[in-house]
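One structure below.
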Amino acid sequence: MTAFSSDFLRIIHERGFVDSCTHADELDALLKKEVVSAYIGYDCTAPSLHVGSLVSIMLLRWLQKTGHRPIVLMGGGTTRVGDPTGKDEARKVLTDEAIAANMAGIKSVFSKYLTFGDGPTEAVMVNNADWLDDLSYIGFLRDYGPHFSVNRMLTFDSVKLRLEREQHLSFLEFNYMILQAYDFLKLARRDGVRLQMGGADQWGNIVNGVELGRRCDGLSLYGLTVPLMTTASGAKMGKSAQGAVWLNEDQLSTYDFWQFWRNTEDADVGRFLRLFTELPLDEIARLEALGGAEINEAKKVLAHEATTLAHGAAAATAAAETARAVFEQGGVGEDLPTITVPSDELAAGLLAPALFTRAGLTASNGEAKRLIKGGGARLNDAPVGDIGRMITDADLKDGEIKLSAGKKNHALVRVG
RNA sequence: GGAGGGGUGGUCGAGUGGUUAAAGGCACCGGACUGUAAAUCCGGCGGGGUAACCCUACGUUGGUUCGAAUCCAACCCCCUCCA
């Protein structure tokens, strides 16, 4: 399974996207023979996707680039059930309103990475609520229930782990894999989809769909998973200073997004360049071979490329420029988070801890005081020193005040 | 329905009447060292207050007590076995 002849499998294999794949040789031949429709499902559990999902989005992008048709499945129906995979406890049941709002946020990401339309290789977005919401219970059970073995279902990790850990698993959640399998069958029948892809944790769910297609319609369906993304030091990937690394700009600024990539661990640079950029492999090989501090150049390239894909070249350049000004010159940049304070308030003076919290650098006044006592808080690059420090318009420098919490978190205060 | 076990801070997990805002680990945040890396070491880690101090918190609601996460009652939820 090393020498694939189809562009898609060859490229994604070279770039490290493939964790496992069903009938790789057959799929390879199919991809050479015809335009293949493949889908990945996204549940609407948050208002945006984050970098954890980015691997699969890049996968769809490569699929389209190599002449096939990506289908983005929004889990409007399955989100109402809740995927138990990888969770110790049932997720809180989301309201239909929350699901709809989340879906709206998630949808917007894909247009950055894929070209949608009606052409043979243009992407399509579908919603499984369209067919799941109206299923009739008895009819569904009679049609598809016989194809699922409970004995077998109990052996899938998503279920098995819950049982082994003696964690509650509701019947509602237990049905998730059946619905996901049905999704695949439905898309195969309706849109001729032949391949489902997803994260490594989705393997069991995907295989169920492959088998359901064969049992019901004698279809040859395929599944492919990407590795679970972790950093070289073992942490789950996707934390920034602000929390999760969201793909939507309204959830995470382009500057913070850029910074996330810039702060990649050395050991991850090559892998991330292959997965999250489209640079040629020989160029990546050169970049990851850089030693010592030089590897920072590779990280900048990574940050620029990844940010360009997500937010556009202008945003990436602006973020890079701000980062350069802030880190390499110790100054300020346009992209730093900025708050505006009324001039009379500033003239009257504001306590440093309160201003830090107001600027979003600390979560509470207490935290701000601790930060100041610990020496991590700076005002115009000078340690604040005293928790009773008053900040006034006398602290303005070129019309703004730079606040810093640690070396990486900065904010600007302007008068307005 | 019956019997037994359990619900502690973001998380895991101690604590079983007072010095417990609650040991310890992880996560997280600062600092040192560096390269805006990793590893390591140091400090911090509920909220408000400059502080004294006040408030909130150990499933929920009541009760006993000078005093409860710790004892009692009822209720809710989870687990195991039985029917």
Next on the checklist: Are A:Tyr144 and A:Phe140 an aromatic pair, judged by ring center distance below 6.0 Å?
Outcome noted: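 Ring centroids of A:Phe140 and A:Tyr144 are less than 6.0 Å from each other.
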Once you round it to whole Å, what is the distance between [atom2] of [N] and [atom1] of [X]?
X	N	atom1	atom2	value
A:Asn296	B:A38	CG	P	11 Å
A:Asp335	B:U36	CG	P	20 Å
A:Leu336	B:U36	CG	P	16 Å
A:Glu297	B:U36	CD	P	12 Å
A:Asp266	B:A37	CG	C1'	4 Å
A:Phe272	B:A37	CZ	C1'	12 Å
A:Lys408	B:G35	NZ	C1'	10 Å
A:Glu294	B:U34	CD	P	19 Å

Going by distance alone, is a donor N or O of one side chain under 3.5 Å from an acceptor N or O of the other, for [X] and [Y]?
X	Y	answer
A:Asp183	A:Trp131	yes
A:Asp28	A:Ser5	yes
A:Ser170	A:Glu173	yes
A:Ser158	A:Tyr176	no
A:Gln202	A:Gln196	no

Determine the Euclidean distance between corresponding [atom1] atoms of [M] and [N]; express it in Å to zero decimal places.
N	M	atom1	result
B:A68	B:U61	C1'	16 Å
B:A69	B:G62	P	15 Å
B:U70	B:G15	C1'	8 Å
B:A83	B:U65	C1'	42 Å
B:G10	B:A57	C1'	14 Å
B:U8	B:C78	P	14 Å
B:G5	B:U11	C1'	23 Å

Under a 3.5 Å cut-off for both distances, is [N] Watson-Crick or wobble paired, and to whom?
N	answer
B:C75	B:G59
B:G1	B:C82
B:A22	none
B:G67	none
B:A38	none

Checklist outcome for this item: Protein-proximity profile, nucleotides 41-54 of chain B, B/S/- by nucleotide at the 4.0 Å heavy-atom cutoff, equals ---SS-SSBS----
Checklist entry - When you match A:Gly376 and A:Thr264 each to their closest nucleotide on RNA chain B, which lands nearer the 5' end? => result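 Nearer the 5' end of the strand: A:Gly376.
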Sugar-phosphate, base or nothing in reach of [X], heavy atoms under 4.0 Å:
X	result
A:Gln259	base
A:Thr362	nothing
A:Ala405	sugar-phosphate

Next on the checklist: Please report the interatomic distance CG(A:Asn208) to CZ(A:Arg215), rounded to the nearest 0.5 Å.
Outcome noted: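 The distance works out to 8.5 Å.
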Checklist entry - Quick one: is A:Asn409 getting a side-chain N or O under 4.0 Å of the B:G30 phosphate, OP1 or OP2? => result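 Answer yes for this pair, as a side-chain N or O of A:Asn409 is under 4.0 Å from OP1 or OP2.
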Next on the checklist: Using OP1 and OP2 only, check whether a side-chain N or O of A:Lys407 sits under 4.0 Å from B:A32.
Outcome noted: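 Answer yes for this pair, as a side-chain N or O of A:Lys407 is under 4.0 Å from OP1 or OP2.
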Next on the checklist: Let's see if you can work this out: which of B:G35, B:U34, B:U36 has an atom nearest to the side-chain heavy atoms of A:Ala323?
Outcome noted: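 Minimum distance to the A:Ala323 side chain belongs to B:U36.
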Checklist entry - Are the charged groups of A:Asp395 and A:Arg389 less than 4.0 angstrom apart, N to O? => result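 A:Arg389 and A:Asp395: salt-bridged.
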Item to check | Taking every non-hydrogen atom, the tightest pair across A:Ile284 and A:Arg15 | outcome: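 Taking A:Ile284 first and A:Arg15 second, the nearest heavy atoms are CD1-NH1, 4.0 Å.
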